[in-house]
Amino acid sequence: MKDLFSQFKILLSFWNILKSKDFPWENQIVRDLEKKLSDYLEIPHVLGVASGTDALILALKACDVKPGDEVIVPAISFVSTAGAVAWIGAKPVFIDIESASFNIDPQKVESAVTPKTKAIIAVHLNGRMADMEAIRQLADSKALMVVEDAAHAFGSKYKGGSIGYYGDLACLSFNPTKVFGGCGDGGAIITKNAELARKISLFRTYGSPRYQEFGINHPIIGTASHLSPFQAAILDTKLRSVQRVTEKTRQNYFLYSELLKRVGDLVLPSNPSEYFINGYRFPILSKKRDELRLLLKKQGFDARIQYNVPLPYFEAFQYLGHKKGDFPNAEKLANEVLCLPTNYRLAEEEVKEVIRIIKKCFAPAN
Ligand SMILES: Cc1ncc(COP(=O)(O)O)c(C=O)c1O
């Protein structure tokens, strides 16, 4: 957003928002953004909400998940994936991740299904989509709903389908750390299903379809979860450059992929051709990850451990009774992962410097 035209456009939008008396969900800027996102992702319904966490909660509600129901979730993710399930009184049923993709293991989903299972949440960790075909097939055979936690995966694809193509609903976060992030909280729910979209539009506006009916008749109970028009104005401007940003992020990702092959004990992410990875993070596994992280930090590079504790071991999920050893792949990831920076602002030389630092760490001492 450095160019003058973008800054001017945002200021103009802010001025129009300040003048308007619209509610957020009726605001033209929000509606325009929803339409543009729907065109970009080629999924008919996009509904802006207050955050990625709210998107998950409302998506589960739209799937009719109720207290006492079970929802299958991967053992590694940001807390909101399982937190959303618990927040509405349902039970998160954790399963281990695949060792190659770090995503939910479709082979393990089947044995976790019980008569109480209502839905599966597939997280597209680090921008690589989960094996959505396998998950969809399994969900269909068991009459389950599929929610995609696509917070990391704006712009990613699997077998040509974007987020929201295989799942019943996909949830986006627009928080500032994301590939397509704004300047605060924000999120969206994406769906091909008009009925689910209708439900969510009620849920996010106090359970009533029209402002004229507010206070007179609310057919269901809803909440207030709106994408702020200010966020929408910023995101609208960013959408114009998101393809360029993604391309640069991917270049950084693939530079690591190419130049870190066979270095030390590093395990690199695999990149099967049916996946279009947006490059959000480049996760490596190494027994030396803490040392690597420190070395990179000293040189000003922000390599992060994401995530360093599997969700089932959080204090908040102790009531589920899991113990160390239950999720070996998630534990290995938590103990060894380091996400290298891929941000589009990093120049090729900087990425090469990160690579040099890592190689030096593994070089035999003279
Ligand atoms: C995988 C994942 N899901 C959900 C969320 C929640 O998004 P938000 O911060 O917009 O509530 C995040 C945020 O970082 C995330 O990484």
Side-chain angles (χ1 to χ4, degrees), residues 24 30 33 37 46-61 71-88 92 94-95 97 101-104 119-130 132 135 146-156 163-164 167 169-190 200 203-204 223-228 230-232 234-235 238 249 277-283 302 304-312 314 316-317 330 333-334 337 339 341-343:
V30 176
L33 178 72
L37 287 173
V46 175
L47 297 109
V49 293
S51 68
T53 305
D54 263 13
L56 286 163
I57 293 169
L58 296 185
L60 291 169
K61 284 266 195 197
V71 177
I72 296 171
V73 294
I76 284 276
S77 183
F78 183 65
V79 64
S80 297
T81 310
V85 178
W87 192 251
I88 57 178
F94 292 107
I95 60 169
I97 53 169
S101 69
F102 309 145
N103 280 324
I104 196 164
I120 303 165
I121 302 184
V123 181
H124 306 314
L125 203 74
N126 302 321
R128 171 172 163 167
M129 284 176 67
M132 291 310 295
I135 291 167
V146 177
V147 174
E148 298 173 52
D149 182 338
H152 299 178
F154 190 88
S156 296
I163 53 171
L169 300 134
C171 300
L172 277 172
S173 162
F174 299 137
N175 87 30
T177 63
K178 305 302 180 220
V179 169
F180 181 58
C183 292
D185 280 331
I189 302 168
I190 297 156
I200 285 163
F203 290 155
R204 70 176 176 175
T223 184
S225 183
H226 312 126
L227 179 63
S228 148
F230 292 102
Q231 285 300 337
I234 293 164
L235 291 165
K238 284 195 156 185
T249 309
I277 295 168
N278 67 1
Y280 176 51
R281 291 176 185 152
F282 189 84
D302 186 21
R304 296 192 179 190
I305 299 174
Q306 261 144 346
Y307 298 95
N308 49 6
V309 180
L311 294 175
F314 280 22
F317 296 118
L333 181 80
V337 76
C339 292
T342 54
N343 191 294

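Since the model is a prediction, treat every value here as computed from it, not as a measurement. Positions are given from 1, in the same order as the sequence printed here. Every number for a ligand or one of its atoms is a count from 1 in the order of the listing. Reckoned from all heavy atoms, side chains included, excluding hydrogens, waters and symmetry mates.
Residue, atom and distance of the protein heavy atom nearest to atom 9 (O) of ligand 1 are N175 ND2, 3.0 Å. Annotation: atom 16 (O) of ligand 1 to nearest protein heavy atom, H152 NE2, 2.8 Å. Atom 6 (C) of ligand 1 has as its closest protein heavy atom T53 OG1, 3.5 Å. Of the protein's non-hydrogen atoms, the one nearest atom 5 (C) of ligand 1 is F78 CD2, 3.6 Å. Nearest to atom 14 (O) of ligand 1 among the protein's heavy atoms is K178 NZ, 2.7 Å.
Considering all non-hydrogen atoms of both residues, H124 and M129 come closest at ND1-CA, 3.3 Å. The shortest heavy-atom contact between T342 and Y280 is OG1-O, 2.9 Å. In plain terms, the two heavy atoms of G187 and L227 that are nearest each other are N-CD1, 4.1 Å. Of all heavy-atom pairs between L311 and A82, the closest is CD1-CB, 4.1 Å.
If you check each of S80, A151, G186 against atom 2 (C) of ligand 1, the one with the closest non-hydrogen atom is A151. When the heavy atoms of V49, D149, L125 are ranked by distance to atom 3 (N) of ligand 1, first place goes to D149.
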Please step through ring pair (Phe, Tyr, Trp, His ring centres under 6.0 Å) for the pair F317 and F94, ending with a clear verdict.
CA-CA 10 Å; F317 296 118; F94 292 107; 5.4 Å; yes
side-chain hydrogen bond (donor to acceptor under 3.5 Å, both in side chains) between D185 and S51, intermediate numbers included
CA-CA 5 Å; D185 280 331; S51 68; 5.8 Å; no
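Within the 4.0 Å heavy-atom cutoff, G187 does not count among the residues contacting ligand 1. For the pair Y307 and ligand 1, a heavy-atom separation below 4.0 Å is found.
Residue contacts with ligand 1 for S77 involve side-chain atoms from C-beta outward but no N, CA, C or O (heavy atoms, distance under 4.0 Å).
Screening I135, I104, V73 against I121 for a side chain to side chain contact (heavy atoms under 4.5 Å, CB included) leaves a single residue, V73.
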